[in-house]
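Below, read A as the first sequence line, B as the second, and so on, with proteins coming before strands; counting in each chain starts at 1. These numbers come from the heavy atoms of this one structure, side chains and all, not from hydrogens, waters or symmetry mates.
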Protein chains: 2
Amino acid sequence: MTTTPGQATAPGRRRAPSMADVAREANVSGQTVSRVSNGRDNVDAATRDRVLAAMTKLGYRPNSAARALRTGRFRSIGVIMFTLSSFGNMRTLDAITTAASDAGYSLTLIPVPHPTKGELSVAFDRLADAAVDGVILVVEAHLFDESDVELPDGLPAVIIDASGDERFPGVDTDQAHGARLAVQHLLDLGHETVWHVAGPERSYSATRRRDAWAATLAEHGASAPPVLEGDWSTEAGYELGLELAANPAVTAVFAANDQMALGVLRAMHESGRAVPGDVSVVGFDDMSESSSFWPPLTTVHQYFGEVGRRSVEALLHEVEAGERRGNSLVDVELVVRQSTAPPRR
Amino acid sequence: MTTTPGQATAPGRRRAPSMADVAREANVSGQTVSRVSNGRDNVDAATRDRVLAAMTKLGYRPNSAARALRTGRFRSIGVIMFTLSSFGNMRTLDAITTAASDAGYSLTLIPVPHPTKGELSVAFDRLADAAVDGVILVVEAHLFDESDVELPDGLPAVIIDASGDERFPGVDTDQAHGARLAVQHLLDLGHETVWHVAGPERSYSATRRRDAWAATLAEHGASAPPVLEGDWSTEAGYELGLELAANPAVTAVFAANDQMALGVLRAMHESGRAVPGDVSVVGFDDMSESSSFWPPLTTVHQYFGEVGRRSVEALLHEVEAGERRGNSLVDVELVVRQSTAPPRR
DNA sequence: CGCCGAGATGTTTACGTCAACATCTCGTGA
DNA sequence: TCACGAGATGTTGACGTAAACATCTCGGCG
């Protein structure tokens, strides 16, 4: 008995009970408490009950810091994310959280307030003293590429939607296939060509959607109109939509996400161009509100949940088994609703 | 020198460098490394540089578990949340993350997959071995009330939007004022009465909005139509909206959130009732898409960012200063757009 | 009747950090 | 010239846990 035990209930904050306190209360050794705490089966039933009772009585909860120090594992994974304010990121995060939780890991969120190289370094620094066993990156990968900072050496990582990055295993949505489906759908309906409201150039997702749009057009011998580039926001979609509405040649628009598609819809309404009568519109993401847009939006459904789940799985495989998984591609599905129709002749 | 030092670069994973390794490399004591690591100023500039160089060379990063064990602080706060899939929760989480990060805390997310008492217990258990200094609850408080589980004793907590809970300091949005503004606005426009598409009864927010709606109507001598109760989803709004659209007496609708308002808009469009010509609609939340709905939605703006910031502030005050803050109420603002107009006469 | 081994339980120690305290080196002023 | 103190640096130990190893208690069997 080296340290002063328990201390009669001091008035202010008192020290949280430790294994030693429980051990004393239950008249066993600390090791036995540890065994009960970790669910080992080599403890006598009566002893276990006694220990459990002591734990409850004292309100014992294991000190995760000490446990982590001893085991070298935090049972937590980190997520580095630029913004939660996009539908896709949020859904992905939701899925990651659930998957991690199911695997008995908690989730540490490391925000990158502004998508600049500097901020990314800050996030990595934070990561350095964060208590995580691995990290999932949900960032605009271009920035990451340019960034001179490195992830801590030996920290397992998985990167989402940055296909082609060789440094880490990645989980990607098949953006190209999605864009292809969207454009194909409009062309099949009889539209001569399809205009594109793209996402920012620095985003890999945006780039891949744009490239696939152009390629599909080319394959069908349709000429590609100039690209209108937005920043994913409804406002951008609205502004760009106004331009498109003013151009009578426009009969079909493929927006790189649902929020911009919504902006386009609004612009069309305000300009008196009927959707889908005069102009057909297709989005990308299939956010939960899209089916209630007016008109309900034809869009490309992404399986964000699947992306999140696979990322966690790949990461934990590396954390626990020490083996890297390969890249993984999640498919996509076209959901036809009421914002698309054949062109008026 | 008790333990085997460094070990020549073993092929597989090698032990992460510790303070002792850095100390050896820089020819100083571990304590000096600790001082540099913690930014103390009582270290000679030359020594500091030497230590810093050694840290870089070895790729040292502090072991947060050991630090937490020693200091008793994790520098992390937990967030217990039912679902990320609601606009408000997401925005709140975003703000919490940013505020925590600014204060040098990381954020641990503890999901509660399904809003049942059992799941809540599971979350609390998880919390028990999560490494957090305090916790912010973003849950439907009714469930929490009924739950027999308790938060770990002595763990500081703040609860969001559960006004009246006496156990913890809370940060609430002034839901009642918001509902009042919405109803008042419609009444001022000349509507005889206002119909209400409410949120689920088990939600305090929903209850408060509903009560304030009823009270405002009563104050103006308007009779309160039966309440239509939804589950916050656009689908529910749509179903309920169809009922409202079929009733020619309906000229004004107050939906308890923007998503249900969107569903109502769609139902009105499909039923051929003009908004705002035949029916005016007001929402609640002001999600970023609302200004692009068709027509752009009049709604009650919530300052989710402020709620998140204040929660973190209150929590950290308790964590660091040991003093509880009182409750805090965040105001709200009516944003008039184009979904409301005087009734057709 | 004593030996063996399985299962239950206890003892020791190290994980990496930092607070408290100890020591050492100077420059300054009497 | 030397005592003093400020500032730099070192030494020791404890935080709570769990792995490795040690011991103890039995029941079964030759």
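Atom CZ of R61(A) and atom C1' of dT17(D) are 15 Å apart (whole Å). Remark: P of dT17(C) and CG of N38(B) are 10 Å apart, rounded to the nearest angstrom. In this structure, Q31(B) atom CD and dT12(D) atom P are separated by 13 Å, rounded to whole Å. Between R24(A) atom CZ and dT17(D) atom P there is a gap of 12 Å when expressed in whole angstrom units. Between the CG atom of N42(A) and the C1' atom of dT25(D) there is a distance of 15 Å, given to the nearest Å. Look at CG on L69(A): it is 13 Å from C1' on dA19(D), rounded to the nearest Å. Across the protein-nucleic acid pair, R48(B) atom CZ and dT9(D) atom P stand 10 Å apart, rounded to whole Å. The CG-P distance, from D21(A) to dC15(D), rounds to 10 Å in whole Å.
Contact annotation: T47(A) does not reach the phosphate of dA8(C) (side-chain N/O to OP1 or OP2, under 4.0 Å). Neither OP1 nor OP2 of dC15(C) sits under 4.0 Å from any side-chain N or O of N63(B). At dA8(D), none of the side-chain N or O atoms of T32(B) fall inside 4.0 Å of OP1 or OP2 (strictly under the cut-off). Proximity of T71(B) to the phosphate of dC15(D): no side-chain N or O atom is located under 4.0 Å from OP1 or OP2. Under 4.0 angstrom from either OP1 or OP2 of dC18(C) there lies at least one side-chain N or O belonging to R67(B).
For R310(A) and E313(A), the salt-bridge test fails: no basic side-chain N is under 4.0 Å from an acidic carboxylate O.
Comparing A45(B) and R35(A), the nucleotide of DNA chain D nearest to each residue sits closer to the 5' end for A45(B). Mapping R40(B) and A65(B) onto DNA chain C via the closest heavy atom, the residue that lands nearer the 5' end is A65(B).
Residue V28(A) is in sugar-phosphate contact alone, with no base atom involved, counting any heavy-atom pair closer than 4.0 Å across all strands shown. V43(B) comes within 4.0 angstrom of the backbone, heavy atoms only, and of no base.
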Chi angles and distances behind the side chain to side chain contact (heavy atoms under 4.5 Å, CB included) call for L107(A), I77(A): CA-CA 5 Å; L107(A) 210 280; I77(A) 70 183; 3.5 Å; yes

R24(B)/D21(B) under salt bridge (charged side-chain N to carboxylate O under 4.0 Å, His left out): CA gap, chis, key distance, verdict: CA-CA 5 Å; R24(B) 201 173 307 114; D21(B) 300 315; 3.2 Å; yes

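V158(B) has its side chain out of reach of F168(B): every pair of non-hydrogen atoms, C-beta onward, lies at least 4.5 Å apart.
A side-chain donor-acceptor contact under 3.5 Å links R67(B) and S37(B).
Contact of R70(B) with dC15(D) (side chain to base): no donor-acceptor pair of N or O atoms is detected under 3.5 Å.
Closest approach to the S18(B) side chain among dG10(C), dG16(C), dC18(C) is made by dG16(C) (side chain taken as heavy atoms from C-beta onward).
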